[in-house]
Amino acid sequence: MGVVSLTIEAPETGQRAAPDRPHRRRGRFGFHGAMMTPGLLLLAVLSVIPFLTVLAMSFSRVRLLGGVSFSFVGLEYWARFFADVDLWTQWLRTLVFFVLTVGLEMVLGLGLALCLWKLMRGRNAVLSLLLLPMFVAPVIAGLLGRFLTDSTFGLYSWLLRLVGYEGDILGGSYSAFLAVVAMDVWQWTPLITLITLAGLTAVSQSVREAAALDGAGPWQTLRHIILPSISSVLLVALLIRSMDAIRYFDIIAVTTNGGPADATKVVPIRLYETAFRFFDLGYAAVIGLVMLAVTIAIARVFVGILDRKGLTR
Amino acid sequence: MTTLRTHPVDRTTRRARLGIGLVLVLALLWTLVPLVWMALSSFKSGADVTSAEPTVLFEPTLDNYAKLFSGANNLGPYILHSVLAAGISSVLAVVLGALAGYGLAGSRMRGKKHLAFWIISTRMAPIAVVVLPLFLLFRGANLIDTIPGLILAYLTFNLPFAIWLMSAFFAQIPPSVEESALVEGCTRWQAFWHVILPLTKAGLVTTFVLCLVFSWNDYAFALVFSGPNSQTLPMAADQLVTQTGIDWGQLTAIGTIVVLPMIVAGLAVRRWLVTGLTLGAVTGE
């Protein structure tokens, strides 16, 4: 990790040159346009058609037998959505899960990045080891979590028994919820560490020197100098993680699948259950569209930040 | 680095250094114990895997792996399906992503911002929301339980990712590079193919590896779309979970097989991971 820079400055230069050559501009546009066409066409097919389909599904009763058929039912599913108390509970649970996992990941990730930053020797080796969980398939992470917390032979259950905890971790409501939170934290804290460390490495030495000359102590330097200068990187980390946190459901699906007694039933799990266990496809589409709206709102903030920093070209 | 160490800001006290060391050791234990335990368990015999007291010293055996590659539930086809689905979708994503990313980075069209936003929002769409309509569309098009179906499904997240990320990598190349190639008589395509593209080899490799990791690790799509003819490795792990119990020896062996190649691939591009995973918003090398 040598020199690190935010791409903030880079793209600017990319566009300055073109207006000087008006005669070439049209050709340039055409070439760029041609290069974009195949990818964007395929992406359009892969996103617009499914989007329209899911929209249509939310207003229709979908029959699968004897060929797929739609019959229009108006706002029936949307009306049900607003009256569905269970679903609101599940949204609330999703929110708690989200705040706990992303919050813990941000705090732990930042803490670890600060420790790594102070580490002069072996930083890259330690970082590489800390990153490993990110590459683990979430299904495997979940199943591994089940293995470790099994009440008869799980390594972690055994450790907890040594300190006096006897319960079946995935069997109790609270412990199961905390366990899936812990698995998510295990898997995704490294992402925050990685991003934050890149931000820290970019804090220029002169800034820190100035702080030291002013007689700032380590805590003051951290609070008033370092954290402010990596705030945009922290925000990027938070948003990237947030968008993914809403996407993923694998770990819960293979560990508790929403149980015990709905203790871990977050919205994506509910959606899968509604769609592929009960085949209530129209209602699942409504739940899905609301999830999509939430994600797009977060993505808007993300792009807005990149934009203000000049990061979107 | 030496100037850093002598500087007052970085003069970490002994106690602080001890604290940092302790935190990192704990973090390493928390991170690595599950993985090491998985790998160890995959070499244990059945009784050792599920003994109430954890066994650290044991006679290593390849039984679990041998069982995976013999008999009715041979892992071979699963590996083939995974390699085909993840590999082909990643190659397609990188090829189309490199072309479109180059176009997007250089384009000066109006509405580009909206285009960029549309691309990133397709990438961020919750998988469950994509699975739902694709389930109907794939049923209509007979793509359920086929490798092409999985490839298309993976492209829904790999393609926007590749376009966005490649455009971030292209944006880092100064335009003067392309201009001088054009002045020297290259056509637009030659300039792209012989000059620009080789400069972003790291970007291409990083994009490919991340696409590969995302699709190789997929469970949400495979759960709905794959069947006997297209089951991928994560589904093989899932299927070992049965009503009657779980063969943890075999499961940890599958886990090791799924995880190991991705760790190797991921660490190979570690220098560019930040750029890749933040979609180009933060760069570090």
Side-chain angles (χ1 to χ4, degrees), chain A residues 4 7 10-11 14 17-18 31-32 35-36 38-40 43 46-47 50 53-54 68 112 115 118 126 128-130 132-133 135-137 139-140 143-144 147-148 153 155 158 194-195 198 208 212 233 236 240 243 246-247 250 268 271 275 284-285 288 291-292 295-296 299 303 306 311-313, chain B residues 8-9 12 20 23-24 27-28 31 34 37-38 50 52 54 96 99-100 102-103 105-108 116-117 120-122 124-130 132-134 136 139-140 155-156 159-160 163 171-172 175 188 213 217 219 234 237 248 255 258-259 262-263 266-267 274 278 281-284:
Chain A
V4 180
T7 22
F31 185 64
H32 286 128
M35 294 288 269
M36 277 193 272
L40 291 187
L43 188 61
L46 287 175
S47 66
T53 309
V54 83
V68 178
L112 282 177
C115 287
K118 290 284 180 187
V126 177
S128 293
L129 289 174
L130 288 179
L132 298 187
F135 305 115
V136 174
V139 197
I140 302 296
L143 290 171
L144 189 55
F147 181 51
L148 291 166
F153 52 81
L155 178 66
W158 177 78
L194 177 76
I195 298 174
R208 285 182 288 152
V233 171
V236 167
I240 288 276
M243 285 184 278
I246 302 174
R247 282 163 63 79
D250 308 15
L271 196 161
M291 273 177 75
L292 186 65
T295 335
I296 287 183
V303 174
L306 297 195
L311 281 166
T312 45
R313 294 141 294 272
Chain B
V9 182
T12 326
I20 287 169
V23 169
L24 287 176
L28 282 172
T31 305
W37 195 247
M38 175 173 81
T50 52
L96 294 172
L99 296 179
Y102 167 82
S107 164
R108 300 176 47 72
F117 180 71
I120 198 149
S121 56
T122 58
M124 291 307 174
I127 290 177
V129 186
V130 186
L132 213 51
L134 283 190
L136 290 192
R139 268 181 86 108
L155 277 173
T156 61
L159 183 60
I163 295 175
Q172 288 172 3
R188 304 294 319 245
V213 172
N217 287 349
Y219 172 72
W248 286 107
V258 174
V259 168
M262 293 305 110
I263 284 182
L267 288 185
V274 190
T278 58
V282 179
T283 59

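Below, chain A is the first sequence line, B the second, and so on; all start at residue 1. Treat the numbers as computed from the prediction; the structure is a model and nothing was measured.
Looking at A:V139, only its side chain comes within 4.5 Å of chain B, counting heavy atoms on both sides. Contacts between A:T295 and chain B at a heavy-atom distance below 4.5 Å involve the side chain alone, from C-beta outward. Contact annotation for B:V130: neither backbone nor side-chain heavy atoms come within less than 4.5 Å of a heavy atom of chain A. B:I163 touches chain A through its side chain: at least one heavy atom from C-beta onward sits under 4.5 Å away, while N, CA, C and O do not. In this structure, the portion of B:T122 lying under 4.5 Å from any heavy atom of chain A is its side chain and not its backbone. When heavy atoms are compared at a cutoff of 4.5 Å, A:I296 approaches chain B by way of both its backbone and its side chain. The parts of B:L132 that come within reach of chain A are both its backbone and its side chain, each placing non-hydrogen atoms under 4.5 angstrom from that chain.
The side chain to side chain contact (heavy atoms under 4.5 Å, CB included) test applied to A:P133 returns A:W186, A:P190, B:T31, not counting sequence neighbours. Residues passing the ring pair (Phe, Tyr, Trp, His ring centres under 6.0 Å) test with B:Y219: none are found, sequence neighbours excluded.
Closest heavy-atom contact between B:S107 and A:M36: CB-CE, 3.6 Å. Shown here for A:F135 and B:M262, the closest heavy-atom pair between the two residues is O-CB, 3.6 Å. Heavy atoms only, all atoms of each residue included: A:W158 and B:A52 are closest at CD1-O, 3.7 Å. Nearest heavy atom pair, residue B:L134 against residue A:P50, reads CD2-CG, 3.9 Å. Heavy atoms only, all atoms of each residue included: B:A100 and A:G39 are closest at CB-CA, 4.5 Å.
Top candidate by heavy-atom pairs under 4.5 Å with chain A, chosen from B:V213, B:V258, B:L136, is B:L136. Most heavy-atom pairs under 4.5 Å with chain B, from the set A:D250, A:L40, A:I240: that is A:D250. Highest contact tally toward chain B, considering only A:V54, A:L155, A:L271, is held by A:L155 [criterion: heavy-atom pairs under 4.5 Å]. Chain B forms more heavy-atom pairs under 4.5 Å with one residue of A:P268, A:P38, A:C115, A:A275 than with any other, namely A:C115. Listed options B:T156, B:L96, B:V259, B:L99 were ranked by heavy-atom pairs under 4.5 angstrom with chain A; first place goes to B:L99. Interface remark: of the candidates A:L46, A:I195, A:L43, A:L43 forms the most heavy-atom pairs closer than 4.5 Å to chain B.
Distance CG/B:L24 to CG/A:L112: 6.5 Å, rounded to 0.5 Å. In this structure, CG in A:L292 is found 12.5 Å from CE in B:M124, a value given to the nearest 0.5 Å.
Ring geometry for B:Y102 against A:H32 counts as tilted: the plane angle lies between 30° and 60°, on a 0 to 90° scale.
The closest side-chain heavy-atom distance from B:L267 to A:L132 is below 4.5 Å.
Of the options A:L143, A:V136, A:L148, A:I140, a side chain to side chain contact (heavy atoms under 4.5 Å, CB included) to B:M38 is made by A:I140 and by none of the others.
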